[in-house]
Asker: 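Before anything else, here's the structure in question.
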Amino acid sequence: MSSSSGQPQFRYTQTPSKVLHLRNLPWECTEEELVELCKPFGKIVNTKCNVGANRNQAFVEYADLNQAISMVSYYASSSEPAQVRGKTVYIQYSNRQEIVNNKSTGDVAGNVLLVTIEGVEAGDVSIDVIHLVFSAFGFVHKIATFEKAAGFQALIQFTDAETASAARNALDGRSIPRYLLPEHVASCHLRISYSAHTDLNIKFQSHRSRDYTNPYLPVNPSAIEGTLQPTVGADGKKKEPESNVLLASIENMQYAVTVDVLHTVFSAFGTVQKIAIFEKNGGMQALIQYPDVTTAAVAKEALEGHCIYDGGYCKLHLSYSRHTDLNVKAHSDKSRDYTITDVGILSVPQSCASGWPSVVQPASVVYNSRGISDGGLSAQPVWDANQQGQGIRPGGYNQPGVPGAYSGQTYGTSAVPPYSLSGTIIPSTSAGLIQASQQMPPPPYAIQPGGARQAPSAGQPPFYF
DNA sequence: AGCACA
């Protein structure tokens, strides 16, 4: 096989290329020096330096062919040769049209991970779920998601390479827990490599990208809606934007629906953080807050139209609230804040309780101890708090972590397995969610008509109880 | 001083 596949290289007949080949460089030449030399002629999109046995060659790729031509032309007629550290550098077009560097992506540990989520479409995995999963290893600064030929991908920026590699080592090849995903997703493996990026440039908070370090970053108004649901339903009716907080209206309320009852019902799908009950238009409504949109979406889907009690009593109608963080009394007959009564729930969402590889168990979990609202596992976007003028409540479940407070903690001791009640959720409006065997017999209706308390309407923050 | 190697 000695057929000459490569054309002979004639000095003056090389075809131009965006890629330039530089030789006679000092062996210790850095990429910075290379860029310094070449950037006056155009935008450099890639480099490869210290090439060859003597490490004295390099490649530079311009964004545009004309930029490469201008550099070659310039030095072809210049009286001063191109130099690096006093050495003359010889420049010519490369015989390749682009630089392919396999080393800088995937192998070199950086603080930004490139995550390919296999087997899903972009709408299947929300950015909140990604944030939740990767926050287990440290503060996630930024996330950018996009779709490429490889599939749905995300860039996830950590503080440093150590944190990033901990996440990579733990999660590469693993799957996102099923209960964090829509039902139709069969499997969802993560393929993780290092990105060459060190700092992502996030322009907007949106369903595709987040900057958790900058609560004042503008929200892209056309892109804040969740990705799990279309914004227009099958009937052409507009759907409200998704939220981690559900608004429940309770119809045919023959029996009292207490905070405890709601907690029992809604905990089947994930950690319930807060509940508030109020009257509206003579009926009863409740707000149920989950840590993330996905959990709320799952609960909404599963519970909509079902009855808490057999016989068609206390039928639930669910929609998304515009609230993202309820401001409720920790313990009253109309509200409950479960995040401050149980530190375990506060720091470790139940959504990590099962179905998750043991490598993500708390021994490897390092929470940052900074007082930033989303330093923990909160899927609460900071920008929501900002937008609603609610400020970040230091006493809430976003309470800054006490160093070491989480170590040795075990996941899920109080966790209800996801979908554990699903057996009782039968697609029939007469099937009650709470069975007699659960020792919660229907108590008599006990809500005083025309509630004494004036409750703000569900869409209007702030919301105090 | 003359083209990268998975």
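What's counted below: heavy atoms across the whole structure, side chains too, no hydrogens, waters or symmetry copies. The chains referred to below are lettered A, B, ... by the order of the sequence lines, with proteins before strands, and numbering in each begins at 1.
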Asker: Go nucleotide by nucleotide along DNA chain B from the 5' end; which of A:N24 and A:V51 gets its closest nucleotide reached first?
Answerer: A:N24

Asker: Going by heavy atoms in the side chains, are A:V328 and A:R336 under 4.5 Å from each other?
Answerer: no

Asker: What is the distance, to the nearest angstrom, from the CG atom on A:N54 to the C1' atom on B:dC3?
Answerer: 14 Å

Asker: In whole angstrom, what separates A:N46's CG from B:dA4's P?
Answerer: 16 Å

Asker: Can you list, by residue number, the residues of residues 69-83 of chain A that have a non-hydrogen atom closer than 4.0 angstrom to DNA chain B?
Answerer: none

Asker: What pairs meet the salt bridge (Lys or Arg N to Asp or Glu O under 4.0 Å) rule with one or both residues in residues 187-198 of chain A, with sequence neighbours excluded?
Answerer: A:E118-A:R191

Asker: Report the distance from atom CD of A:E98 to atom P of B:dA4, rounded to the nearest whole Å.
Answerer: 15 Å

Asker: Should A:Q57 be listed as having a side-chain N or O under 4.0 Å from OP1 or OP2 of B:dG2?
Answerer: yes

Asker: How far apart are the closest heavy atoms of A:I91 and A:A82, and which atoms are they?
Answerer: CD1-CB, 3.7 Å

Asker: Are A:Y74 and A:F41 an aromatic pair, judged by ring center distance below 6.0 Å?
Answerer: yes

Asker: What's the OH-C1' distance between A:Y93 and B:dG2, to the nearest Å?
Answerer: 16 Å

Asker: If I take atom CD1 in residue A:I99 and atom P in nucleotide B:dC5, what distance separates them, rounded to the nearest angstrom?
Answerer: 13 Å

Asker: In whole angstrom, what separates A:E31's CD from B:dA4's P?
Answerer: 19 Å

Asker: Residues in ring pair (Phe, Tyr, Trp, His ring centres under 6.0 Å) with A:H197, at least two apart?
Answerer: none

Asker: Could you give me the CA-CA distance, side-chain angles and deciding distance for A:S243 and A:S321, then say whether side-chain hydrogen bond (donor to acceptor under 3.5 Å, both in side chains) is met?
Answerer: CA-CA 6 Å; A:S243 166; A:S321 168; 5.3 Å; no

Asker: Using atom CG of A:L20 as one end and atom P of B:dC3 as the other, report the distance to the nearest whole Å.
Answerer: 15 Å

Asker: Check whether the aromatic ring of A:Y90 stacks on the base of B:dG2, taking stacking as ring centres less than 5.5 Å apart and planes within 30° of each other.
Answerer: no

Asker: Quickly work out the A:Q92 CD to B:dA4 C1' distance and round it to whole Å.
Answerer: 14 Å

Asker: Is any side-chain heavy atom of A:L113 closer than 4.5 Å to a side-chain heavy atom of A:Y194?
Answerer: yes

